[in-house]
Amino acid sequence: MRLTVIGTGYLGATHAACMAELGHDVLGVDVDPEKVAALSAGRVPFHEPGLPELIAKHTASGRLRFTTSFAEAGAFGEVHFVCVGTPQRADSGAADLGHVDAAFAALAAHAAPDALVVGKSTVPVGTAERLARTYATEVAWNPEFLREGFAVEDTLRPDRLVFGVESARAETILRAVYAPVLAAGTPLVTADFPTAELVKTAANAFLATKISFINAMAEVCEAAGGDVRTLAEALGHDDRIGPKFLRAGIGFGGGCLPKDIRAFAHRADELGVPLTFLREVDAINMRRRDRVVELARELCGPDVLGARVTVLGAAFKPGSDDIRDSPALAVAARLRLEGADVTVHDPEAMDNARKAFPLLGYALSLEDALRGADLVLHLTEWPQFRAIDPERAAALVARPRIVDGRGVLDADRWAAAGWRLWALGTPAPVGEGH
Ligand code: UGA
């Protein structure tokens, strides 16, 4: 089939490449000529394992092209996927639908009258129906659940597909688009527009709630003398709870969970169904950042003024160079404001971090980052950081003190190597340090 994908950010570029992999002829469309030029040359402007190879494969095979022209897209596509961003509005926390509306308006002007426009962007419930009415187009809603770092895998082998459709024709077309994925046994849920839109926001709200739940338990463990890592392990053995998304730590960040729960809470208010618990989920998440700053102050005592603090991690999670709403960088910036001399190291996100936080210090190697530090903060759980040898690291730093903001370091091993280690979700540091 001939498909277009409008918006070639992280979601759109992945979707376009994966649709070509499924055998379709795909035209990616973006208003940014630089992005189009980069992708056309097989360059992906962000870190996503497997995606550069897939884009190179299909730009070479001729099944995948990119353009800035909506006229070309309209003439080309039988089905148009809208994958543009829905950022958070600064005034209210609501989703900004400017890019979505612009894409639908451009398609209304150029697409064939019988083309199907499929929304994939995360939108407030009620948007699909409004767009169908406003732009007099046949619309379907097909939310996306991919995770950064696993985007290709999640698109080609998703846990489920959700089709929000209002006609048998739209369902038939979407079934044809995803035929190989459905043939592999992927569960399909068909729904009306509001339900399809809600599946996405509800899924992200649930994931955020699960993380904040365990982080609230971390606060209780800190006060009551427990250890949240052992608590989470024991809870996770219950099939009804499960171990996933129960890793306590510095909390969730990124371009999705934080903005999506705020937009959902805002939309629910509009509908007269206040989801006040989502505000608490957000507040618990933010308090974890405060807690790391508190521990840094306590370990440096009485404040961090003049202390050389090394922050391990800038990406919002490992496997990504995305620094949007990164908890690690939020803490780094706070400590700098409090007078610490902060040096950041990350295996992938250094360039993005430097652009967004030019006043922080950056070290290109892990060794340089550790050398002379008075305090180390482990804030993004890259495997490289877990693999640090605490004895070698102790020889590099000025004072062997570390906060484990992700709760994955082997505390006994670090203590045995002379470190004083304080993990979030535990009441006190272990080891002597100095
Ligand atoms: C999230 C969802 O997981 C995807 O299903 C969804 O499609 C995507 O948002 C989206 O809306 O586009 P992503 O933002 O890539 O995906 O990241 P996650 O893997 O969900 O992690 C989110 C944050 O939670 C990270 O900062 C991570 O470090 C944190 N996290 C995750 C925890 O603190 N604890 C956990 O147990 C799990």
Side-chain angles (χ1 to χ4, degrees), residues 5-7 9-12 14-15 79-89 92-105 107-108 116-147 154-155 158-171 173-175 177-178 181 186-209 254-275 277-278 281-282:
V5 177
I6 316 297
Y10 164 75
L11 163 62
T14 308
H15 189 65
V79 183
H80 304 278
F81 284 95
V82 174
C83 296
V84 295
T86 52
Q88 182 182 320
R89 280 173 46 166
S92 61
D96 181 344
L97 295 177
H99 301 305
V100 173
D101 272 273
F104 271 78
L107 287 171
L116 179 67
V117 182
V118 184
K120 288 191 82 65
S121 308
T122 301
V123 293
V125 58
T127 302
E129 201 217 307
R130 176 182 68 77
L131 293 168
R133 221 178 333 113
T134 308
Y135 300 103
T137 320
E138 176 149 34
V139 170
W141 217 263
N142 169 221
E144 184 55 63
F145 305 97
L146 57 81
R147 295 160 299 166
D154 285 351
T155 306
D159 290 343
R160 77 300 214 182
L161 286 169
V162 176
F163 295 169
V165 285
E166 295 211 321
S167 73
R169 177 175 175 268
E171 182 177 338
I173 293 173
L174 281 175
R175 279 181 179 273
V177 168
Y178 287 105
V181 179
T186 305
L188 167 64
V189 179
T190 54
D192 50 34
F193 285 166
T195 310
E197 292 165 321
L198 277 169
V199 174
K200 172 62 193 246
T201 31
N204 275 2
F206 186 83
L207 294 173
T209 303
C256 301
L257 299 192
K259 90 168 167 61
D260 287 355
I261 59 168
R262 289 171 198 147
F264 193 18
H266 186 272
R267 181 69 185 128
D269 279 347
E270 285 177 350
L271 293 167
V273 192
L275 297 180
F277 77 96
L278 285 181
V281 165
D282 205 352

Testing Val82, Val100, Leu97 one by one against Leu131 for a side chain to side chain contact (heavy atoms under 4.5 Å, CB included), which residue passes?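 With Leu131 as partner, Val82, Val100, Leu97 yield a single side chain to side chain contact (heavy atoms under 4.5 Å, CB included), made by Val100.
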[X] vs [Y] side-chain heavy atoms within contact, under 4.5 Å:
X: Val79; Y: Ile173; value: yes
X: Phe104; Y: Thr134; value: no
X: Phe193; Y: Val139; value: yes
X: Asn204; Y: Cys256; value: yes
X: Thr155; Y: Glu144; value: yes
X: Arg262; Y: His266; value: no
X: Leu278; Y: Thr209; value: yes
X: Val199; Y: Val189; value: no

Closest non-hydrogen atom pair, [X] against [Y]:
X: Ala191; Y: Ala196; answer: CB-N, 4.0 Å
X: Ser167; Y: Glu138; answer: OG-OE2, 2.6 Å
X: Arg160; Y: Ala203; answer: NH2-CB, 4.0 Å
X: Gly7; Y: Val84; answer: CA-CG1, 3.9 Å
X: Pro158; Y: Val181; answer: CD-CG1, 3.6 Å
X: Ile261; Y: Ala208; answer: CG2-CB, 3.8 Å

Is any side-chain N of the basic residue among Arg130 and Asp101 closer than 4.0 Å to the acidic one's carboxylate O?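 Answer for the salt bridge query: yes.
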All side-chain contact (heavy atoms from CB on, under 4.5 Å) counterparts of Phe206, not counting sequence neighbours: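 Phe206 satisfies side-chain contact (heavy atoms from CB on, under 4.5 Å) with Lys210 once adjacent residues are dropped.
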What's the verdict on side chain to side chain contact (heavy atoms under 4.5 Å, CB included) for Asn142 and Val177, showing C-alpha distance, side-chain angles and the deciding distance? CA-CA 12 Å; Asn142 169 221; Val177 168; over 6 Å; no
From Leu116 atom CG to Leu174 atom CG, the distance as rounded to the nearest 0.5 Å: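 Taking CG in Leu116 and CG in Leu174, the distance rounds to 6.0 Å.
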Could you tell me the separation between the NZ atom of Lys200 and the CG atom of Asp260, rounded to the nearest 0.5 Å?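 If I round to the nearest 0.5 Å, the distance is 6.0 Å.
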Which word best sums up how the rings of Tyr178 and Phe81 line up, parallel for under 30°, tilted for 30 to 60°, or perpendicular for over 60°?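 If you compare the ring of Tyr178 with that of Phe81, the planes turn out perpendicular.
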Determine whether a donor-acceptor pair (N or O, by modelled atom type, separation under 3.5 Å) exists between the side chain of Trp141 and the backbone of Ser121.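 Yes, because the side chain of Trp141 sits within donor-acceptor range (under 3.5 Å) of the backbone of Ser121.
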So, does Arg267 use its side chain to make a donor-acceptor pair with the main chain of Val125 at under 3.5 Å?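 Checking the backbone N and O of Val125 against the side chain of Arg267, a donor-acceptor pair under 3.5 Å is found.
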Is it true that the NZ or CZ of Arg175 lies under 6.0 Å from the centre of Phe163's six-membered ring and within 45 degrees of the ring axis?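 Not satisfied by the 6.0 Å and 45° rule.
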Look at atom CD of Gln88 and say whether more than 12 heavy atoms of other residues, nucleotides or ligands are closer to it than 6.0 Å.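 More than 12 heavy atoms, drawn from other residues, nucleotides or ligands, come within 6.0 Å of this atom.
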Any chance you could lay out the side chain to side chain contact (heavy atoms under 4.5 Å, CB included) test for Phe264 and Leu275, step after step, and finish with the verdict? CA-CA 8 Å; Phe264 193 18; Leu275 297 180; 3.8 Å; yes
I would like to know whether Thr86 and Lys259 meet side chain to side chain contact (heavy atoms under 4.5 Å, CB included); could you show each step before the answer? CA-CA 9 Å; Thr86 52; Lys259 90 168 167 61; 3.4 Å; yes
Step by step, would you call Thr190 with Glu171 a side-chain hydrogen bond (donor to acceptor under 3.5 Å, both in side chains)? CA-CA 8 Å; Thr190 54; Glu171 182 177 338; 4.6 Å; no
Partners meeting side-chain hydrogen bond (donor to acceptor under 3.5 Å, both in side chains) with Thr201 (sequence neighbours left out):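 side-chain hydrogen bond (donor to acceptor under 3.5 Å, both in side chains) check on Thr201 returns nothing, list empty.
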For Ile6 and Leu107: C-alpha separation, side-chain torsions, deciding distance, then whether side chain to side chain contact (heavy atoms under 4.5 Å, CB included) applies. CA-CA 9 Å; Ile6 316 297; Leu107 287 171; 4.1 Å; yes
